[in-house]
**Student:** 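The structure's right below; bear with me while I get my questions together.
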Protein chains: 2
Amino acid sequence: MGPDSMPSSRKTPNGGPGARVGAASPRTGAEPAAPAEADRRARVIIENVDPEIDCGRFPVKRTPGEQVQVEADVFCDGHDVVAAVVRFGRGDDLNEVRMKPLINDRWRAVFSVGDELGAEHYTIQAWVDRFATWQRDLRKRVDANEDVTVPLASGAALIRGAAERASGEDASRLRGIADRVEAGDTRDALDEELAALMLRYDERPHAVAYVRTLPVLIEPERARFSTWYEVFPRSVTDDPNRHGTLRDVTGLVPSIAESGFDVLYLPPIHPIAHTNRKGRNNNPVSEPGDVGSPWAIGAEEGGHTAIHPDLGTFDDFDALVAACRDHGIDLAVDIAFQCSPEHPYVKEHPEWFKWRPDGTIQYAENPPKKYQDIYPLDFECEAWRELWDELASVVRFWVDRGVRIFRVDNPHTKPFRFWEWLIAEIKRDHPEVIFLAEAFTRPRVMERLAKLGFSQSYTYFAWRNTKWELEQYMNELTTTELRHYFRPNFWPNTPDILTEYLQYGGRGAFMARLVLAATLSSSYGIYGPAFELMEGRAAAHGSEEYLDSEKYQIRIWDRDRPDGLRDLVSRLNRMRHQHPALQTNDRFKLHHVDNDNIIGYSKVSADGSNVVLCFVNVDPYHVQAGWTWLDLEELGIDGSRPFQVHDLITDAHYLWNGPRNYIELSPWIVPAHVFAVRTRVRTEQDFDYYL
Amino acid sequence: MGPDSMPSSRKTPNGGPGARVGAASPRTGAEPAAPAEADRRARVIIENVDPEIDCGRFPVKRTPGEQVQVEADVFCDGHDVVAAVVRFGRGDDLNEVRMKPLINDRWRAVFSVGDELGAEHYTIQAWVDRFATWQRDLRKRVDANEDVTVPLASGAALIRGAAERASGEDASRLRGIADRVEAGDTRDALDEELAALMLRYDERPHAVAYVRTLPVLIEPERARFSTWYEVFPRSVTDDPNRHGTLRDVTGLVPSIAESGFDVLYLPPIHPIAHTNRKGRNNNPVSEPGDVGSPWAIGAEEGGHTAIHPDLGTFDDFDALVAACRDHGIDLAVDIAFQCSPEHPYVKEHPEWFKWRPDGTIQYAENPPKKYQDIYPLDFECEAWRELWDELASVVRFWVDRGVRIFRVDNPHTKPFRFWEWLIAEIKRDHPEVIFLAEAFTRPRVMERLAKLGFSQSYTYFAWRNTKWELEQYMNELTTTELRHYFRPNFWPNTPDILTEYLQYGGRGAFMARLVLAATLSSSYGIYGPAFELMEGRAAAHGSEEYLDSEKYQIRIWDRDRPDGLRDLVSRLNRMRHQHPALQTNDRFKLHHVDNDNIIGYSKVSADGSNVVLCFVNVDPYHVQAGWTWLDLEELGIDGSRPFQVHDLITDAHYLWNGPRNYIELSPWIVPAHVFAVRTRVRTEQDFDYYL
C-alpha cells in the first residue's frame, strides 16, 4: 500500500488550533523535558523521525520537485486512534499531507519540495483522532449487536462540534448528519465520507508538534544530475610548443556538448609561479619552457582573481562562459586556496601565513615530504576575519563573471567551519551555485563536508573495482543516511588518479569503468582526453600518477583517434538524458548474478515508469557469463509473462522470462548491458525513450 | 587494546581554557548552525556520540559505580593530531578522562558514575593537540635525517608556553627541557614523559565542546539486579475459608529471603468493591463469600490509601515492611490507577471521570468488551492538575510508609506525560524509588515508558520460548540502544500469563523457563507459589488465564510439596548472588550450538573475572544433545589448554577443551547447565564463588 503522496487541500498558515502545542523553532534541539503546564495533556508521542540528519543540524538535500518520504513512530497511550500529518513548506506558509500507518506504530507520508531554490522545512503534527476512535468502536459495537443509543449520542456531539467549526454547506451537512446519527442512523455514522469531512474540521485536541523543524535544501537539478568533462586549457592545442588558450577551449565546447556533457571543468587558470616551479614529471627542477603546475597559484601578474597571460584575457573568459551557456553547459572553475611564494598575498598580507622561528614562511609539508612551492594560508591566524572575507570575495568574483559551479581542491585541509560559512555566504545571494568537494580522505571527513554544504562529492569509486567492493559501496551510498546529503560524483580517472585497474586492464577496463560511472551514479565525470584515449601509462610502477602528466606539461590529444571511446561516451551520455532512471540514485537496487565478476543493478525513475537494468563484467581479461536472479517486483515486471529488454549500447533486443536469464559479456566487445526494460503497455512517452 | 578507563587527575571545575567554546546547557539541542564570531576557528568536529538517547532528551541508566563507555567521531581538517576528553560528573564539578582513538576517527573512553543516586551528565571536549602534532612530525623528520633546527625552535616555544601555565617544579622542569630542546636535544623532545607533562598544561587552543550535555541517571543497584517473588496475601493461609493477612505474609518473609528473593511483590491490598464484583473464574456474577479482584479498587472503607480490612491494619503493614527490611527484602506494592464504582473519588470528584450522554460514568471498555466494575480516570479532564496531584500524593503516601518499589499496573493506558511527571516528582525527593512498568504492549510504547523513567520493564520473555526467538530477543535487549535505558525483568509466569508452553510442557518446561529467566536477565521474578508448584491448568483451551485463578479466589498452596521447584529456585538465586556476571546484562553473548533446541550463552562481570556459561534445552519433551562452538575470547579462555567448567546446578565438573564440546540435556533431570568457567589461576576471590 503506497503512502498518500497527495497533499491535502488544507492550508494551515501558522497552524491549526493547537498546532503550536509543544512546537519548537527550527534548529532547536531536544524535546523539552518539562513541557509547559498547559501542554501536559498532549498524549501523542512522535519520535525516530526519518530523515533527520544529526538532530536536524543539517538539511536533507533535494532538487526542485523531488519527493521527501518522511517516516516517524507515532503513538499514544491506550487504544485511541491517532492521526498525523507532515507539515512542509517555506517560512510559515505550510502545506500538510496526511501520514499513513505502516506497522508497529511507524507512519509515513511523502511530499514534494517546491521549485524555488533554498531552504524549506518539514515537521510532524499528531493528535488523538476522537472521531476515528468513535467510528472504529461503533463499528465493533454494531457488529456485536450492542445497544448503541448512548454511543450514537456521543458521536452526534462530536459531529455538532465539527459543524460549529465548519461553515456554509459543510456546516449544514454536518448538522443534518448529527441529527440523523442521534436518531439512530448507524449507516450515516459509519460513512467513510463523513470521516473525511470530520477530518477537515477536526479540532485536533491537544495536538503535538514534533519538537524539531527539519530543514530541506533545494539545489539546482544539476546538483543531482550532471556529466562532467575535465580538460587542461593549455593542452587544447595541436602543437606542444603552442600553449592552448581559453579561445581554444571555446572552440572545443560544441563537441563537448555534442558528447552529452553539461559541466566543463578547468583546472586553475591563474598565473603560475616561477619560484620552485616543478618540471616535467614532477621534477623538482624545471627546464626553461616548462609550464609548471596550475595549482602553484600566484605570480607577479596576480593571484586567485587573475588569468594566466598565456591563456588569454577576461574577455576570452567571458566568451567561453557565454559559449558554454549557449550549449547548455556550465563552466566549472577550480578553487584551490593556497599560494605560491610569488602570490600577491605573500607581500600584501604576510599575517595570513604561518611563520617559522627562523623568520621564513612555513611552506606546505607532510613530514618528511616538503612542498616548498606552496604556502598554505593560516585559517587560524589572528587576522582570520579579513582572510576569510578575502577568500569569499574570490568566489564572488567568479560568480559575478557567470561561474556557478566550483570544484574545490582539497577542502579537507581547510577548516570545516570556514567552508560552512563560505558556502552559506555565497548561497545566500546565489542559491544556484554548486560546490564539488575534491576530498579523497577518510569517510567521516568526506561526510562532514557534504553535510555542511558541498553539493557534490568525489568518492572512492576509482578504487572500487571488484563486484563485491562496488556492491558494498553502492549500498553505503544508497541505503544509509548518506543518501539524503552526500551526492556522489563518480570519476573513473582524474589527473591525480590513474588506477592500477586502468593501467593494466586496457580497453575492457576503460569501457567497464565508463559504463559503471555513467549508470551507477547520476553524476559522473571523466578527465576527458586521457580517458577517451585510454591513457594508461603510469609515471612509475606502483604509482597512480600519469607518465608525462598534464599537471606539469602540455599534452597533445587526438580526440578523433578512431580507437578512442568518444562514441561510447556519447552514447552513454545520451541514454542518461533520455532515461530519468539514470538521473537519480534514489531507487538503486542490486540484482543477483551467479558470477562474481558480473555486477547487476537497476535504477527506476521516481514515478516508476522508467526502468534501466545494467550488467557489467568487471573482469577486463576474460569473457564472463552467468545467470541472473532478478528482483522482478522492483523492476515492475509481471513474472508470468515474457518481457523485453533493449540494450541501449548495442541496440539489441532480448526476450527474457522470469527472474532467471543468461548473460555473457566480453571485454573485447562491450563488457556491459544497459537495458531499458519494457514493463507495460507503451505510451507516447515510451516511444521517446527508444528514438 | 582497551580504553583508558582511569580518570586523569585533572579536575576542571567550569572547564579549562576554551572549554565553553560552543558549549550548550544540558538538554538543549542541535549544534548551533552559526557559531559565534569568536568561535569560528574551532577546527575539531565531534559527532555521532554514543550513548545518546533521542538527542539527549532521555538519560542512560546506571547504578552506583557502573561504567559508561562513551564513543564519538572526533576529527579535524588536515593532518593535525586531535585530543579529546570525556567530561563527566554532577553539576559543574566535572572530572575528565582522555579518549583514545579506535579506527576511522572513532574515539572511546570509559568512566564510572558515582555512588550518589540521581542525575550526572557527560559531554566531550576536543581540540587540536599542537604538541602531539609537533612531536609526531619531529619523529618523522629525525627518521628522515632532516635538519631539525627550526622545528626544534618551534617546539621549544610550545614547551615554554606550557611552562608559563605550569607552576612549581613542573614549570622549572619544562623550562629546562625547552632550553635543551632548543639546543638540539631530540631525545628529550621526543620523550613520552614530556608528552604527558605537556598534556597537563595544554592550552587547548580553540577547544570544542560537544553541543549537548548528556544525562546519566543513577538508580539503586536493585534497579539493575533484583529477584522478585509475587504472592497474593489473602492466599497465605492453609484454610480456604480463612482470608490470609499481612501478618501471614510477614510470617512468610524468612522463607522467601532464604530462597534468595529480594523483592516481595503484593497485588493491590486496598478495599475491594462489592458492586459488579467478579466471581470465581471471572464469573460476571459473584457468590456470597467470593473475595473479588484486588484490582477493583475502592469501597466504603477507602481507596488507594486504604488497606482491605480482611488483610489487616497499617500497623500490620508497617510490621511487614520492617520484617522485609530485616531480611534484605524490599516490599513492592501495586499502583493501579483506576477505580471501582464504590471508590471514594467517584463521589468526591465526579469531575475526574468521563461522563456519557445518558448521565452515567463511562466504565472501562475495549469494544465490544465491557468492564463495568472499573471506572477509568480521565487524565485529560479539565481538573487534570488536581487529579494528577492527588495521584502523586497516593504514591507519596506509600513512600512515606517505607515502600520504595512500585509495580505499576497497565501504565500504557495512562498518558506518557503523566508518568514522566509523576516519576520525576517522586524521585526528586526519593531517588531510591524504583518503578516497574507492567506494560505488555507494542514495542515503541514499552520503550517510551522505559525512556521516560520506569526503572524496570516487564518484557515479551514469557512468549519467547524457542531458541531462535530467545536469541533474537536477547540481541535486541543487549546490543541495541535499548541496553542503555530498558532494564528487562523476566517473568516466566504472572497471575495473568500462563503460557501454552507451561500448560503443556510440564516439569521440564518449568525448569527450563526458570533457568532462562534467572540467567538471561539480571532481574527476574516469578508468580511464586503457582510457579514453584508448577501450576499449569488453564481456565480454558487457548486461554492464558489460570483455572481457579487467584485473581478471583483464595488458593491454598503447599510450598513444601516434595515435587516442587523451591530447591532449584533457591539454588539459582544463590548463584545469582555469588556470581557478579549474572547481576548485569552488559556482557551477554550467544554461543553457537549445533542443535536448534539448545541455546548457549555467557555472561561476564564488568571486571572480566567472573564468567558464567549456560546451556538450556528448550524442548520440554525430549533429550537433546549437540556440540558447542564457543567464543573462547569472550570467555577469556586460552584455547591451547583444557579448562574446567563447574555446573552450579548439579555441582558436576567437566574438563573441556577448545571451542567444540559435547552437551546432552534431559527435561526429565535438569534441562540446563549453568557453568562457572575457571579461566585463570585461582585467587582468594575465586574460592568464594565455589563455596
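Below, each value reflects all heavy atoms present in this structure, side chains not excepted, and no hydrogens, waters or symmetry copies. Labels below follow one simple rule: chain letters A, B, ... track the order of the sequence lines, proteins then strands, and each chain is numbered from 1.
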**Student:** Give, for atom OG1 of A:T149 and atom CZ of B:R356, the distance between the pair rounded to the nearest 0.5 Å.
**Tutor:** 9.5 Å

**Student:** Quick check on A:H79 against chain B: is it the side chain, the backbone, both or neither that has a heavy atom closer than 4.5 Å?
**Tutor:** side chain

**Student:** Can you tell me how far apart CG (A:L449) and CD1 (B:I45) are? Round to the nearest 0.5 Å.
**Tutor:** 9.0 Å

**Student:** So what's closer than 4.5 Å to chain B heavy atoms on A:D137: side chain, backbone, both or neither?
**Tutor:** both

**Student:** Which heavy atom of A:F416 sits nearest to which heavy atom of B:R43, and what is that distance?
**Tutor:** CD1-O, 4.0 Å

**Student:** For A:E365, is there an ion pair with B:R141 - N to carboxylate O distance below 4.0 angstrom?
**Tutor:** yes

**Student:** Give, for atom OG of A:S154 and atom NZ of B:K354, the distance between the pair rounded to the nearest 0.5 Å.
**Tutor:** 10.5 Å

**Student:** If I take atom CZ from residue B:F75 and atom NE2 from residue A:H412, how far apart are they, to the nearest 0.5 angstrom?
**Tutor:** 12.5 Å

**Student:** Which answer fits B:D73, side chain, backbone, both or neither, if we ask what part of it has an atom under 4.5 Å from a heavy atom of chain A?
**Tutor:** side chain

**Student:** Can you find a heavy atom in the side chain of A:D77 that is under 4.5 Å from one in the side chain of B:T413?
**Tutor:** no

**Student:** Any side-chain heavy atom of B:R212 within less than 4.5 Å of one from A:C55?
**Tutor:** yes

**Student:** Quick check for you: among B:P443, B:A144, B:P415, which has the greatest number of heavy-atom pairs under 4.5 Å with chain A?
**Tutor:** B:P415

**Student:** Looking at B:F379, B:W388, B:F418, which hits side-chain contact (heavy atoms from CB on, under 4.5 Å) with A:R40?
**Tutor:** B:W388

**Student:** Heavy-atom distances under 4.5 Å only: say whether A:N366 touches chain B with side chain, backbone, both or neither.
**Tutor:** side chain

**Student:** For a quick test of reading the model, state the closest non-hydrogen atom pair linking B:K140 to A:P367 and the distance between them.
**Tutor:** CD-O, 2.9 Å

**Student:** Looking at B:R57, B:K451, B:R444, which hits side-chain hydrogen bond (donor to acceptor under 3.5 Å, both in side chains) with A:E47?
**Tutor:** B:K451

**Student:** Do A:R442 and B:D105 meet the salt-bridge criterion of a basic N to acidic O distance under 4.0 Å?
**Tutor:** yes

**Student:** Between B:P411, B:A424, B:P368, which has the largest tally of heavy atom pairs under 4.5 Å with chain A?
**Tutor:** B:P368

**Student:** Measuring heavy-atom distances to chain B, does A:E380 have an atom under 4.5 Å in its side chain, in its backbone, in both, or in neither?
**Tutor:** both

**Student:** Are B:E382 and A:R41 close enough for a salt bridge, meaning some N to O gap below 4.0 Å?
**Tutor:** yes

